Amino acid sequence: MKTQWIGDVLSGSLNQKEVHLKGWIHRSRGSNAIRFVVLRDSTGTLQCVVKRDKVGDASFEEVASALIESSLEIKGTAIPTDREHGYEIQVTEAKVVGPVDPSNPFPITESAMEEADGGETEFLLDNRHLYLRTGRMTTMLKIRSSVFGAIHSFFRDRDFIEYQAPNFVAGAVEGGSTLFEVPYFGRKAYLTQSWQLYAEAAMPALERLYTIAPSFRAEKSRTRRHLTEFWHAEMEIAWADNNDVMDHGEALVRHIARTLLTERPAELESLGRDLEVIRRFADSDYPRIRYDEAVERLKSKGVEIEWGQDLDYSKEKILTADFDVPHFLTHYPKVAKPFYHRQDPDNQDYVLCHDLLAPEGYGEIIGGGERTWSESEILKRIDDEGTPRDPYEFYIDIRRYGGVPHGGFGLGVDRVCAWLAGADHIRETIPFPRDSRRVTP
RNA sequence: GCCGACAUAGCUUAGUUGGUGGAGCGGCGGACUGUUAAUCCGCAGGUCGCAGGUUCGAGUCCUGCUGUCGGCGCCA
């Protein structure tokens, strides 16, 4: 097994020590007597100096002829240097573990990445399984891991119970037009769009629950904010109102930003992120404005909008331009939202809901609110909407046995990753993105 | 569902008013004892996405198809 990493050498803890490293050839150059191999592992890159008179002819030839992405095992001494990495390895033994066939060299070349410049060409998307090894993707995946970890620690520190809902479901959460249909032993089933309805069933048992799970939406969206399979962090909490739920969403997003500042500052900077901006997201309060106020703001900017209209992305963008931190929009008109949002008892035209919009044009990252929690209200809302009751019988049943005020939200984890990492496209944040035109590789 | 672009070597691309498709990177061969995307010399590599059409002649013009990318709607 491997016990030493390039990161250990770079940290200085192995200065002047004998080291045994295993990794992949990032770059290789040199002459017929000396070879400079830049070795890569999961912790970084490091130059290894291979001299013919130190390792012998056979070993030297083997290393010298190894192509980029060949895997390599080396032994040598870590010595400080003024050159690029701060340290380099004077190699005493070197062995190619897994070679690369010269007739089929590693296809992700400098030129393949230069035009992409953070974005992704068709070629890189087709070769995603190999693109994952490159610096930008690796960095993004480390940030992603920290975001997932931060979500878990946030909820667990607050005594939330992690709870799993099925991915095969019979009915829709949203309108229903965006479900993936799958054959199910002669019947039809669907891939879940949200954990919420099943979470509400467990709400009276667990009171505070959360999940991080994939959600599936068959939207033919072609935007930098959409995936057909995305990772959804959702929570549900009993005895809570819209403001309580918002408090949790705000605290969670701040906690994620703070975690990245602690765990991934170098990665953020290598992607061109200004840490001061992330610090602002981690430390600020997030303003809350009502739908009506948002409409007024838009009208004052000359945007044509009618009351009752949902705020689409073009309008969101105009609104978010006024803020340099995330901000909530609350109290949407009832007509713009589905039945499970509770009507505002103070004004039946509105529902007790909220969206959290990320600044810098990244758009909605949280959608949530207070649920319609009494049996009479839910039946009226379903009937008024013209939605059939049948698929929701279990959901209605929950309210027949001790319904309580409760609510929750869903957070788009990939969107949060894209926003905090400053990615151009949500695809950059997930190893194998799925959208309406791509299910491979 | 709607709108707009694009498709030339493994990759990134140049290609003039239609007249025998070039380069850089990568690969291969050679030179080189401290390189930083190493450098230098040489070689191989193309049914110009597919199918029609116009023309003496199409990478180039026209039509259709396919694929991909970008934007909108919808949402996390």
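As the structure is a computational prediction, the values presented were derived from the model and not from experiment. Order of the sequence lines sets the chain letters (A, B, ...), proteins ahead of strands, with each chain counted from 1.
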On RNA chain B, check which nucleotide each of Ser65(A) and Glu88(A) is closest to and give me the residue with the more 5' one.
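Nearest nucleotide further toward 5': that of Ser65(A).
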Comparing Gln47(A) and Leu67(A) on RNA chain B - which has the more 5′ nearest nucleotide
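Nearest nucleotide further toward 5': that of Leu67(A).
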Using Watson-Crick geometry (N1-N3 plus N6-O4 or O6-N4) or G-U wobble (N1-O2, O6-N3), each under 3.5 Å, G45(B) is paired with none
Complementary nucleotide of C25(B), counting Watson-Crick and G-U pairs under 3.5 Å
G10(B)
Nucleotide of [options] approaching [X] most closely (side-chain heavy atoms):
X: Thr109(A); options: A76(B), A38(B), C11(B); answer: C11(B)
X: Thr223(A); options: G26(B), C72(B), U33(B); answer: C72(B)
X: His232(A); options: A76(B), A38(B), G27(B); answer: A76(B)
X: Glu364(A); options: G26(B), G34(B), A76(B); answer: A76(B)

Side-chain N or O of [X] versus OP1/OP2 of [N]: is the shortest distance under 4.0 Å?
X: Arg427(A); N: G70(B); value: yes
X: Arg438(A); N: C69(B); value: yes
X: Arg222(A); N: G70(B); value: yes
X: Ser31(A); N: G34(B); value: no
X: Arg224(A); N: G71(B); value: yes
X: Asn104(A); N: G10(B); value: no
X: His26(A); N: A37(B); value: no

Whole angstrom is fine here: how far is it from [atom1] in [X] over to [atom2] in [N]?
X: Phe36(A); N: U39(B); atom1: CZ; atom2: P; result: 14 Å
X: Glu122(A); N: C11(B); atom1: CD; atom2: C1'; result: 13 Å
X: Arg437(A); N: A7(B); atom1: CZ; atom2: P; result: 16 Å
X: Phe123(A); N: U12(B); atom1: CZ; atom2: P; result: 6 Å
X: Leu329(A); N: A76(B); atom1: CG; atom2: C1'; result: 15 Å
X: Glu316(A); N: C74(B); atom1: CD; atom2: C1'; result: 11 Å
X: Leu130(A); N: G10(B); atom1: CG; atom2: P; result: 16 Å
X: Ile68(A); N: U35(B); atom1: CD1; atom2: C1'; result: 14 Å

[M] and [N], which share atom name [atom1], separated by this distance in whole Å:
N: A58(B); M: G19(B); atom1: P; result: 11 Å
N: C25(B); M: C43(B); atom1: P; result: 15 Å
N: G42(B); M: A51(B); atom1: P; result: 38 Å
N: G73(B); M: G4(B); atom1: C1'; result: 15 Å
N: G46(B); M: G10(B); atom1: P; result: 7 Å
N: G24(B); M: C61(B); atom1: P; result: 27 Å

What's [X] touching, base or sugar-phosphate or nothing? Going by heavy atoms closer than 4.0 Å.
X: Ile365(A); answer: sugar-phosphate
X: Asn32(A); answer: base
X: Ser314(A); answer: sugar-phosphate
X: Ile366(A); answer: sugar-phosphate
X: Gln90(A); answer: base

So does [X] pair up with [Y], basic N to acidic O under 4.0 Å?
X: Lys301(A); Y: Asp322(A); result: yes
X: Asp283(A); Y: Arg254(A); result: no
X: Arg144(A); Y: Asp414(A); result: yes
X: Arg225(A); Y: Glu364(A); result: no
X: Asp247(A); Y: Arg288(A); result: yes

With a 3.5 Å cut-off and heavy atoms only, can you find an N or O donor on one side and an acceptor on the other between the side chain of [X] and the base of [N]?
X: Glu110(A); N: G24(B); result: no
X: Ser221(A); N: C74(B); result: yes
X: Arg83(A); N: U35(B); result: yes
X: Ser111(A); N: C11(B); result: yes

Under the criterion of centre distance below 5.5 Å and interplanar angle below 30°, is Phe230(A) classified as stacked on the base of A76(B)?
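Per 5.5 Å and 30° rule: yes, stacked.
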Do Phe328(A) and His354(A) have ring centroids that are under 6.0 Å from one another?
yes
Residue from Glu234(A), Glu236(A), Arg156(A), His248(A) passing side chain to side chain donor-acceptor pair (under 3.5 Å) with Tyr210(A)
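Answer to the side chain to side chain donor-acceptor pair (under 3.5 Å) test with Tyr210(A) among Glu234(A), Glu236(A), Arg156(A), His248(A): Arg156(A).
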Close side-chain approach of Arg381(A) and Val351(A), heavy atoms under 4.5 Å
yes
